[in-house]
Amino acid sequence: MRYLALLGGDESAGAAAGTPEFDAVMEAYMRFGDNAGDAIVTAEALEPSSTATTVRHGDFEPLVTAGPYAETIEVLGGFYVLEAETLDDAIELARQIPAASDGWVSLRPMVDWFDKAAEGAGPGDTARYVAFIYGKETEGDQPGTPAWDEGLAAHQRFMDTAGDAVLAGGAIHPIATATTVQVRDGEVIVTDGPYAESAEVVGGFYLLGAADRDEAVALAKQIPAEAIELRPIMELGA
């Protein structure tokens with residue numbers, strides 16, 4: 001089973017890039033990567049929430065605004081896709097992620113996952129953006145329902161139109177399947193349900209390749225969803 005692990009916390013308390021504190025955080029994540037090994041299917045860090053763009057669909061033209069989907073102190077800083085046989089195994093991995101100690105990790109089982117890079121197609125020289133799908137949960141978020149199948153067909157049409165601009169993506173099971181993991185004073189705290197600030201990440205996400213923000217927004221406008229939050233990927237190896 002694959003799990004989407006959303007990493008969140010108080011962004012204002014985070015270390016700034018280029019500082020010794022930031023380097024120490026990166027080393028902690030590298031240690032987790034070494035320990036988790038092949039259990040990590042993919043992992044991405046995100047640029048600050050100030051770089052986010054939100055696209056909301058309505059009855060008329062999509063509304064594009066600067067900033068994240070919701071103005072909160074607790075924001076998403078990155079994500080993993082993890083491979084684990086059971087939820088307990090996924091929780092054991094999540095508790096080792098540094099974000100669990102000073103923020104939270106929200107686990108959601110995935111319905112599907114694809115990665116064109118793993119299939120031999122790379123992003124080229126384009127910038128990368130994650131497009132998180134937000135909105136109120138509906139029947140279309142329940143796998144196996146007619147509404148789910150209709151939504152799946154709509155997303156396939158989007159991917160066919162976007163072509164190579166879609167680099168990867170995944171759908172996740174409904175909110176009721178979420179589990180939040182935190183570590184405080186050495187104690188692992190496991191809570192049924194998502195962390196409150198991540199509750200409306202419902203449908204999943206895409207990883208997009210685009211020349212710039214405008215091109216990424218143009219792609220996001222085509223995604224069949226209530227709202228999309230676009231966040232640039234932090235290219236740590238650059």
Side-chain angles (χ1 to χ4, degrees), residues 1-11 13-49 51 74-110 112-124 127-130 132 167-170 172 178-191 194-195 198 201 204-207 209 231-238:
M1 170 70 75
R2 286 174 177 162
Y3 292 84
L4 174 63
L6 296 169
L7 316 183
D10 182 350
E11 190 174 53
T19 64
E21 292 79 10
F22 182 84
D23 292 342
V25 171
M26 291 301 100
E27 289 176 5
Y29 276 97
M30 289 176 65
R31 287 195 298 273
F32 167 68
D34 291 340
N35 292 335
D38 292 342
I40 298 176
V41 178
T42 195
E44 299 292 354
L46 307 179
E47 293 288 354
S49 61
T51 66
E74 301 279 343
V75 299
L76 295 179
F79 66 90
Y80 287 93
V81 174
L82 302 173
E83 185 78 46
E85 289 189 10
T86 66
L87 175 58
D88 286 343
D89 292 333
I91 291 170
E92 174 60 24
L93 288 166
R95 74 165 187 82
Q96 302 174 52
I97 299 174
S101 295
D102 55 15
W104 46 268
V105 178
S106 181
L107 291 170
R108 295 279 291 277
M110 301 192 73
D112 191 21
W113 163 254
F114 69 91
D115 184 351
K116 291 182 180 178
E119 299 165 3
R128 296 185 303 147
Y129 295 79
V130 64
F132 289 117
L167 306 176
I172 53 180
T179 302
T180 297
V181 180
Q182 296 174 290
V183 178
R184 297 294 183 269
D185 298 322
E187 179 185 356
V188 181
I189 304 168
V190 179
T191 309
Y195 192 81
S198 67
V201 181
F205 68 99
Y206 287 102
L207 195 61
R231 294 279 294 280
I233 296 295
M234 183 182 292
E235 303 292 359
L236 297 172

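For the pair Gln182 (side chain) and Val190 (backbone), a donor-acceptor distance under 3.5 Å is absent. Counting only distance, with no hydrogens or angles, the side chain of Ser106 and the backbone of Pro194 share no donor-acceptor pair below 3.5 Å. Distance alone, capped at 3.5 Å, places no donor-acceptor pair between the Arg128 side chain and the Pro232 backbone. A donor-acceptor pair under 3.5 Å is absent between the side-chain atoms of Arg95 and the main chain of Ala90, judged by distance alone. Looking at Tyr3, its side chain does come within 3.5 Å of a backbone N or O of Leu87 through a donor-acceptor pair.
Remark: Ile189 CD1 to Thr180 OG1 distance equals 11.0 Å, nearest 0.5 Å. In this structure, Ile97 CD1 and Phe32 CZ are separated by 4.0 Å, a value rounded to the nearest 0.5 Å. A distance of 4.5 Å separates CZ in Phe79 from CZ in Phe205, rounded to the nearest 0.5 Å. Of the inter-residue distances, the one linking Leu167 atom CG with Ile233 atom CD1 reads 9.5 Å to the nearest 0.5 angstrom.
Arg231 and Glu11 get closest at one heavy-atom pair: NH2-OE2, 4.5 Å. The heavy-atom pair separating Ala178 from Arg108 by the smallest distance is CB-CD, 3.2 Å. Listed here is the closest heavy atom pair of Ala5 and Leu107: CB-CD2, 3.8 Å. Among all heavy-atom pairs drawn from Trp113 and Ala168, the shortest one is CH2-CB, 3.8 Å.
Proximity of Met234 to Leu46: side-chain heavy atoms (C-beta onward) are nowhere separated by under 4.5 Å. Annotation: side chain of Tyr129 is not in contact with side chain of Thr51 (no heavy-atom distance under 4.5 Å). Proximity of Thr191 to Trp104: side-chain heavy atoms (C-beta onward) are nowhere separated by under 4.5 Å. The closest side-chain heavy-atom distance from Ile40 to Leu82 is below 4.5 Å.
Looking at Val105, Leu7, Leu93 one by one, the single match for side chain to side chain contact (heavy atoms under 4.5 Å, CB included) with Tyr80 turns out to be Leu7.
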- Message: Evaluate Val130 against Glu44 for side-chain contact (heavy atoms from CB on, under 4.5 Å), listing each step before the verdict.
- Response: CA-CA 9 Å; Val130 64; Glu44 299 292 354; over 6 Å; no

